[in-house]
Amino acid sequence: SMAAEELQDDCEVVLEAVRGHWEALRFALARPRASREVMDEAVGQSGKALQYADGELRGDRDLVLRAVRRDWKALKYASEELRADSELVLEALRQDWAAFAWAS
């Protein structure tokens, strides 16, 4: 419905939902996925939240570093450029050598 779509694209509404659980992001539309505030909250709970981030935020080094520190598997959702960033790759490798698979 139109009302549901408006709520799913409202950053404040989605931020409140994400504060409850980061997986609420799977129902979010474009604007919340591009919101640094929303994604900061989600990544603070789980690095896996990075998969729902807008493309530009997947290239945000600080956000991606926070995600990778939470869960090395977040590296696979980072931009290609950041998957070639030695500090990020090392951070992931400290957790699991299998992170080599996501480095570019």
J.: Using only atom types and a distance under 3.5 Å, with no angle test, would you say the side chain of Asp85 pairs donor to acceptor with the backbone of Leu88?
T.: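 The answer is yes, because a donor-acceptor pair under 3.5 Å joins these two groups.
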J.: Can you confirm whether Val18 sits close enough to Gln45 that some side-chain heavy atom of one is under 4.5 Å from a side-chain heavy atom of the other?
T.: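 Yes, their side chains come closer than 4.5 Å.
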J.: Name all residues meeting the side chain to side chain contact (heavy atoms under 4.5 Å, CB included) criterion together with Glu37; count only those two or more places apart in sequence or in a different chain, and write none if there are none.
T.: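 Result, side chain to side chain contact (heavy atoms under 4.5 Å, CB included) vs Glu37: Glu12, Leu15, Arg19, Ser35.
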J.: Short question: side chain of Arg70, backbone of Gly44 - any donor-acceptor pair under 3.5 Å?
T.: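 Yes.
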J.: Are the side chain of Gln95 and the backbone of Trp72 linked by a donor-acceptor contact shorter than 3.5 Å?
T.: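 Present.
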J.: For Lys73 and Val68, what are the C-alpha separation, side-chain angles and deciding distance, and is it a side-chain contact (heavy atoms from CB on, under 4.5 Å)?
T.: CA-CA 7 Å; Lys73 292 181 183 133; Val68 169; over 6 Å; no
J.: Is it true that a side-chain atom of Arg83 and a backbone atom of Ala78 form a donor plus acceptor pair closer than 3.5 Å?
T.: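 Looks like yes, one N/O pair under 3.5 Å.
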J.: Taking everything shown except Glu56 itself, do over 12 heavy atoms lie less than 6.0 Å from its CD?
T.: no
J.: Do Arg36 and Leu63 have side chains that get closer than 4.5 Å, going by heavy atoms?
T.: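 A side-chain contact exists here, since the closest heavy-atom pair is under 4.5 Å.
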J.: Using a 3.5 Å cut-off and no angle test, enumerate the donor-acceptor pairs between side-chain atoms of residues 23-31 and protein atoms at least two apart in sequence or in another chain.
T.:
unit_1 : atom_1 : unit_2 : atom_2 : d
Glu23  : OE2    : Arg26  : NH2    : 3.0
Arg31  : NE     : Asp9   : O      : 3.1
Arg31  : NH2    : Asp9   : O      : 3.0

J.: May I ask you to decide if Val13's main-chain N or O and Glu16's side chain share a donor-acceptor pair within less than 3.5 Å?
T.: no
J.: Ignoring hydrogens, what is the shortest heavy-atom contact between Ala74 and Gly47? Give both atom names and the distance.
T.: CB-O, 3.4 Å
J.: Any chance you could measure Arg33, atom CZ, to Cys11, atom SG, to the nearest 0.5 Å?
T.: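 SG of Cys11 is found 12.0 Å from CZ of Arg33.
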J.: Would you check, one step at a time, whether the test side-chain contact (heavy atoms from CB on, under 4.5 Å) holds for Tyr52 with Tyr77?
T.: CA-CA 9 Å; Tyr52 296 111; Tyr77 304 116; over 6 Å; no
J.: How many angstroms lie between atom CD of Gln8 and atom CD of Glu5, to the nearest 0.5 angstrom?
T.: 6.5 Å
J.: Can you find a heavy atom in the side chain of Glu87 that is under 4.5 Å from one in the side chain of Arg61?
T.: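 They are in contact (side-chain heavy atoms under 4.5 Å apart), so the answer is yes.
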J.: Do you know the tightest heavy-atom contact between Trp22 and Ser46?
T.: NE1-CB, 3.3 Å
J.: Drop me the distance from Ser79's OG to Leu57's CG, to the nearest 0.5 angstrom.
T.: 11.0 Å
J.: Kindly give the heavy-atom pair with the smallest separation between Val43 and Leu50, and that separation in Å.
T.: CG2-N, 4.3 Å
